[in-house]
Amino acid sequence: MAEIVLDKVTKRYPDGALAVSDVDITIADGEFIILVGPSGCGKSTTLNMIAGLEDITEGELRIDGQRVNERAPKDRDIAMVFQSYALYPHMSVRENMAFPLRLAKVDNATVTKKVEEAAKVLDLTQHLDRKPGNLSGGQRQRVAMGRAIVRNPKAFLMDEPLSNLDAKLRVQMRTSVSKLQRRLGTTTVYVTHDQTEAMTLGDRVVVMRGGLVQQIGSPQSLYEQPKNLFVAGFIGSPSMNFLPATLENGEVNTPLGAFPLTDRVRGLVEAANAPREVIIGLRPEHFEDATLLDDTERSRGGTFTATVEVLESMGSDKYAYFTLEGDAATSAELDELAADAGSHDTGDAGSQIVTRLSAASGAAEGAEAQVWFDADKLQVFDPGDGRNLTYAD
Amino acid sequence: MALIGATSKNGARARWALLDFVVVVYALVPVLWIVSLSLKSKETIADGNFIPRSWTLQNYVDIFRTSEFLRALVNSIGIAIIATVIAVVLGTMAAYAIARLDFPGKQVLVGVSLLIAMFPQVSLVSPLFEMERSLGLFDTWPGLILPYITFALPLAIYTLSAFFREIPWELEKAAKMDGATPAQAFRRVIAPLAAPGVFTTAILVFIFCWNDFLFAISLTSTEASRTVPAALSFFTGSSQFEDPTGTISAAAVVITVPIILFVLFFQRRIVAGLTSGAVKG
């Protein structure tokens, strides 16, 4: 168990490419921290630097207060679970799990005891004498976890350990990873590109983009108070709706219509010295079918009428999709998110918004619906640099 | 329906069996012919029968009585084993570097080794003969081992780097994370997985050295280093007028046996897909 500190850690490749730049993270003892971001954002490089599999170009990595930049992976006492599991195919499950102990020259009796304990925890006891080639994906994944936990390392590093599993198994394993970590209380750094995993697993989440840390915080705070457009768009599913808007005389002029800003939002926007042209963001759940609300509630927000393009009924909720006329919000961050999600160049004119309405809503596909949104939940972003103008510390 | 399906399946099986039989016969008849010749007595050697009319082991007894053959056998075994060991060890290191590292001149190295493999050996015989004579290597073991290594190395590097590329690199990283030094990672994880490749390569290199006739006949002059393929051509009967066909056949059989044993013995180790299960895929 250990505290891991990354102090201005930078990775520059010999060809000059900057993979990770000035990363500052302090991971507390026993904490479960997630590095998340689109592919190529430097999260795996960061993990490999903590592991010692890649050199740190600049900055310092400290484990338990000691500088470990120059230490080989084996001297850092850290275990790692790989995306491909990387099991040794010529060894049985038992020997795979015992391998770290054998290298540490632990005596046979202790090895047997520890491997059997770990196998019990991971429900692998009946598979101990099989070869990895004969195991299912989920079992291999558990063997990889077993190999990591047998020697009680200072920390676990996990590089997308669940991404090779099918959807159902992934959800199951997600819960068991979480339980296992709570039980062992070992500091864990977990890399994923899946924001759902990030939100559900971590004590804290680090969002990265292009080698830079965008924001560090608890899943809830990232969701409610994203520091910039990128974090706002990356965290949350379905993702936040973005619309171009102009700020004028305490009002916000949007494709949904013009609405007054609430006092809280206006105060923050003014303090942040907002430009005239902005991008506003609204989460799907901050919309509601206006006909279901009473007047006092309706007065707290804005209402607009539009034609429901697609309606998805989930049983507990209904997702209504609208396409609004006018230009879509554009910024470098949003383009990157679209490219990552693969929704680039869908060719739709106007901006699409997703709203989550209550199941009682009478909205129907192709018909007009009157939709209300909570104006106090409005987030305002600067299209130039992407910062959140409504961010309050 | 089921009946028709079964019949056509049997038909296909029969056709395949016939084809297999033809191929096996085509490949084995010359070998069996040599075996048959080696077992015939001197009187029946030219009778043209596939199955010997009078069986004898005299030819085998004869070749093992002459120092000519025994000495050549020792030379063959020694030279082939030494050349194989050196070529495989050097080839393993070179192939590992080629498969795993990016170093300046890697493409050149690969290109040059391919060039050597394609070079017509016969064009090198005269220069090698002159060089070895002036260096004092002519008609010595090293005089054959060196050219064998030269021509076996590209083969070894190519075969082995293909095997090393098959081994997921993450296994090495995992071993390092599990606390292994680079040497331990190589010895306990990479080497066992590369073993089938090393054995395959060793067999190929050994067969290449064992079968070589060109260098053996050109770069040797006495029993000091003459290998069996070359020695066979010097076989004579007990008198000038005696035909040595029987003894040559017996010697040919004797030098074929080690190759067959070698392959049979290591066949189990050359199993494909040993790395399956290391990674999802």
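Just so it is clear, the model here is predicted, and its values are computed rather than measured. Here is how names work: the chains are called A, B, and so on, in the same order as the sequence lines, proteins then strands, and each is numbered from 1.
When heavy atoms are compared at a cutoff of 4.5 Å, A:Ala51 approaches chain B by way of both its backbone and its side chain. Neither the backbone nor the side chain of A:Arg76 comes within less than 4.5 Å of any heavy atom of chain B. Contacts between A:Leu53 and chain B at a heavy-atom distance below 4.5 Å involve the side chain alone, from C-beta outward.
The residues A:Lys43 and A:Asp159 are annotated as not salt-bridged, no charged nitrogen and carboxylate oxygen being separated by less than 4.0 angstrom. Ion pairing of A:Arg62 with A:Glu3 is absent here, as no side-chain N (NZ or NE/NH1/NH2) approaches a carboxylate O to less than 4.0 Å.
The number of heavy-atom neighbours closer than 6.0 Å to CZ of B:Phe103, taken from other residues, nucleotides and ligands shown, is above 12. Counting heavy atoms of neighbouring residues, nucleotides and ligands inside a 6.0 Å radius, atom CG of B:Asp20 exceeds 12 of them.
In terms of heavy-atom pairs under 4.5 angstrom with chain A, the leader among B:Met177, B:Arg188, B:Gln184, B:Lys176 is B:Met177. Heavy-atom pairs under 4.5 Å with chain B peak, among A:Gln141, A:Lys131, A:Arg147, at A:Arg147.
The aromatic ring centres of B:Phe119 and B:Phe151 sit 6.0 Å or more apart.
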